[in-house]
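Encoded as structure tokens, the structure appears first; notes follow it.
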Amino acid sequence: MKVRTRVAPSPTGDPHVATAYVAMINACFARASGGDGRFILRIEDTDRTRSTQASEEAILASLDWLGLAWDEGPDVGGPHGPYRQSERSAVYAEHAARLLRDGHAFACFCSAERLEEMRVAQRAAHEPPHYDGHCLTLTHQAIQENERAGVPCVLRLKVPRDGVCVFEDVLRGRIEIEWKTVDMQVLMKSDGFPTYHLANVVDDHLMEVTHVIRGEEWISSTPKHLLLYDYFGWSGDTPTFCHLPLLRNPDKSKLSKRKNPTSILYYRARGFLPEALLHFLGTLVDGRNDEALLECSATSELLERMCSHFDLTRISLGGPVFDLEKLTWLNGQHLRRHHASEMLAILEAWGYAWPPAIAAEHRERIARLAMDRIRTLDEFGPLVAFFAERPDLSKADLELSKLPPAAAGEALALALRALAEIADALWREAEIGNVLKAAVAAHEWPFAQGLRFRDAVRVYYVAVTGSPTSLPLFDAMEILGKGESLRRLETALEKLH
RNA sequence: GGCCCUAUCGUCUAGAGGCCUAGGACGCCGGGUUCUCAACCCGGUAACGCGGGUUCGAAUCCCGCUGGGGCUACCA
């Protein structure tokens, strides 16, 4: 069978990592099914008050950034377009009319106020809120009067009063839901746009979707969807349903931006690599350790590798917690697979602007020194800023454990004397290191007997780089140059007095 | 509350009745390496929610309980 899957995001906010998660699984399944599998992107923008074009653009750009290429979609078109629901109004109107004509749906004129009162009463009576069927019994005449008077109207689904809806889920097996627990859902809103339920079913059918792979939150509305397939006479080819577990916050609730960053834009801005984010989402589906995924620097390559051992039926059902810590680690891993020269391009593509004071000839070397020390690209700038800017130190910055203030001053003076001896032409990382180590070793330390180099060196780090934890000192000093390095040591020494 | 889904280390997961003394990865802890911090290497910590069945044998199958989650809109 020719497999056709889709992801159907609603453009009502920032592109969500859960959308990418679902998209990835749909893309993998279509691809793993063979060469003729197709993956569709459909924009579900039927909520006119919340949908925005900016959001749609961001969703497309984000999925593209992650390498989740779709075969059919609003931008690339396809045989069953348009792929944007707001452009398919005529299709829904036609199908809605069909349901009404066949007696499978009914016009409802109830006001928002009445519905609200109804629900309040039901809640008070400890009943589950549901439409009470008020307009189900409207006479032909009453309906026409309402229409003539221009009373706003929606279309509701007729639902069997008893019996059980049974369907099969790829991951969960047989699911049974009693019809009496299914509400008479609105299918067409009073603004003339369809709700999710109608649009989704109509489009999935018309677009010949064979597998509906979506979030778990849709399980309880699946009976409505099945009913629609039946009403339209499509029950012969209802798609296969697969409900995916929902991504979770660390507290196990459904992933939300209140508790965890959810926007793909956020991760991009922080300097996460698309292959790292995709890889991470992949671990939520298949947590086995595939080391080969670490070697994939292109998202396309990564996706291909994931597809090679993808099995939709083996996804574990516990909602996975979105663990930023592991994502960050993965990002560091992917970062380090690149050469320093590639890092320059990656940083630039990400939007990093080198301070002009850092000469172009030093940049690759600086990148090489920095890349083992960052996990996300946004850590790069702060780490190398000292090359362009002299540290603004206070006396307190120079007070380090294992190094009394008097000894710190001694250490700085010592370094100054020793380093001044190095000829300009020999000002190299190895020479600087040797001279400094020898000087510290040969010195008598009245205020810090037996001082080890590793303790003394910290004050040099602070003086030169502004921080006791920074890029390797000798390299930094070589890059800064003899004059600048000595000047920073001097400044630090002055600060101590 | 009602309906539905779900349950292996803190986290992601492996596990398909005997290969389980439950494996890997992140995290954490310890060690090595080292000019700081990282990176890297080595080692350690830590789980089958509880109670009943079925079976010669259960993490695995069944039931109940408990915990977690979702849905309960003219949002998706």
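Labels below follow one simple rule: chain letters A, B, ... track the order of the sequence lines, proteins then strands, and each chain is numbered from 1.
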Heavy atoms under 4.0 Å, any strand shown: does A:Ser10 hit a base, just sugar-phosphate, or nothing? sugar-phosphate
So does A:His339 have more than 12 non-hydrogen atoms from other groups sitting under 6.0 Å from NE2? no
Would you mind classifying the nucleic acid contact of A:Ser470 as base, sugar-phosphate or nothing, using non-hydrogen atoms under 4.0 angstrom? base
Charged N to carboxylate O under 4.0 angstrom, A:Asp45 versus A:Arg88? no
Under 4.0 Å: is that the gap between some side-chain N or O of A:Lys437 and OP1 or OP2 of B:C35? yes
Using a 4.0 Å heavy-atom cut-off across all strands, classify A:Arg214 as base, sugar-phosphate, or nothing. nothing
Applying a 4.0 Å non-hydrogen cut-off, can you work out what A:Glu176 is touching in the nucleic acid: base, sugar-phosphate, or nothing? sugar-phosphate
Any side-chain N or O of A:Gln333 less than 4.0 Å from the OP1 or OP2 oxygen of B:C40? yes
Counting N and O atoms only, with roles assigned by atom type, does the side chain of A:Glu478 sit under 3.5 Å from a partner on the main chain of A:Glu429, one being a donor and the other an acceptor? yes
From CZ of A:Arg288 across to P of B:A14 the rounded distance in Å is 7 Å
Would you classify A:Gly433 as touching base, sugar-phosphate or nothing, given that sugar-phosphate means primed atoms plus P, OP1 and OP2, and contacts are heavy atoms under 4.0 Å? nothing
Please determine whether a side-chain nitrogen or oxygen atom of A:Lys180 lies at a distance below 4.0 Å from atom OP1 or OP2 of B:C4. no
Look at A:Arg452 and B:U34 and indicate whether a side-chain polar atom (N or O) is within less than 4.0 Å of OP1 or OP2. no
Less than 4.0 angstrom between a side-chain N/O of A:Arg454 and OP1 or OP2 of B:C35, yes or no? no
If only side-chain N and O atoms of A:Thr46 are considered, is one of them under 4.0 Å from the OP1 or OP2 phosphate oxygen of B:A76? yes
Sugar-phosphate only, base, or nothing, as touched by A:Asp475 at under 4.0 Å among non-hydrogen atoms: base
A:Leu278 CG - B:C12 P separation (whole Å): 19 Å
Look at A:Arg488 together with A:Glu484 and state whether they make a salt bridge at an N to O cut-off of under 4.0 Å. yes
Less than 4.0 angstrom between a side-chain N/O of A:Arg314 and OP1 or OP2 of B:G15, yes or no? yes
Given atom NE2 of A:His225 and atom P of B:C71, what is their separation to the nearest angstrom? 13 Å
How far does CG of A:Asp47 sit from CZ of A:Arg50, to the nearest 0.5 angstrom? 5.0 Å
For a quick check of understanding: with a heavy-atom distance under 4.0 Å over all strands, which category does A:Thr283 fall into, base, sugar-phosphate or nothing? sugar-phosphate
Could you give the CZ-to-P distance, from A:Arg373 to B:C40, as a whole number of Å? 12 Å
Would you say the base of B:C35 stacks on A:Phe474 (centre-to-centre below 5.5 Å, plane angle below 30°)? yes
Which nucleotide, if any, forms a Watson-Crick or G-U wobble pair with B:U72, using both distances under 3.5 Å? B:G1
Can you tell me if A:Lys252 touches the phosphate of B:G67, counting only side-chain N or O atoms and a distance under 4.0 Å to OP1 or OP2? no
Tell me whether the rings of A:Tyr196 and A:His225 are parallel (<30°), tilted (30 to 60°) or perpendicular (>60°). tilted
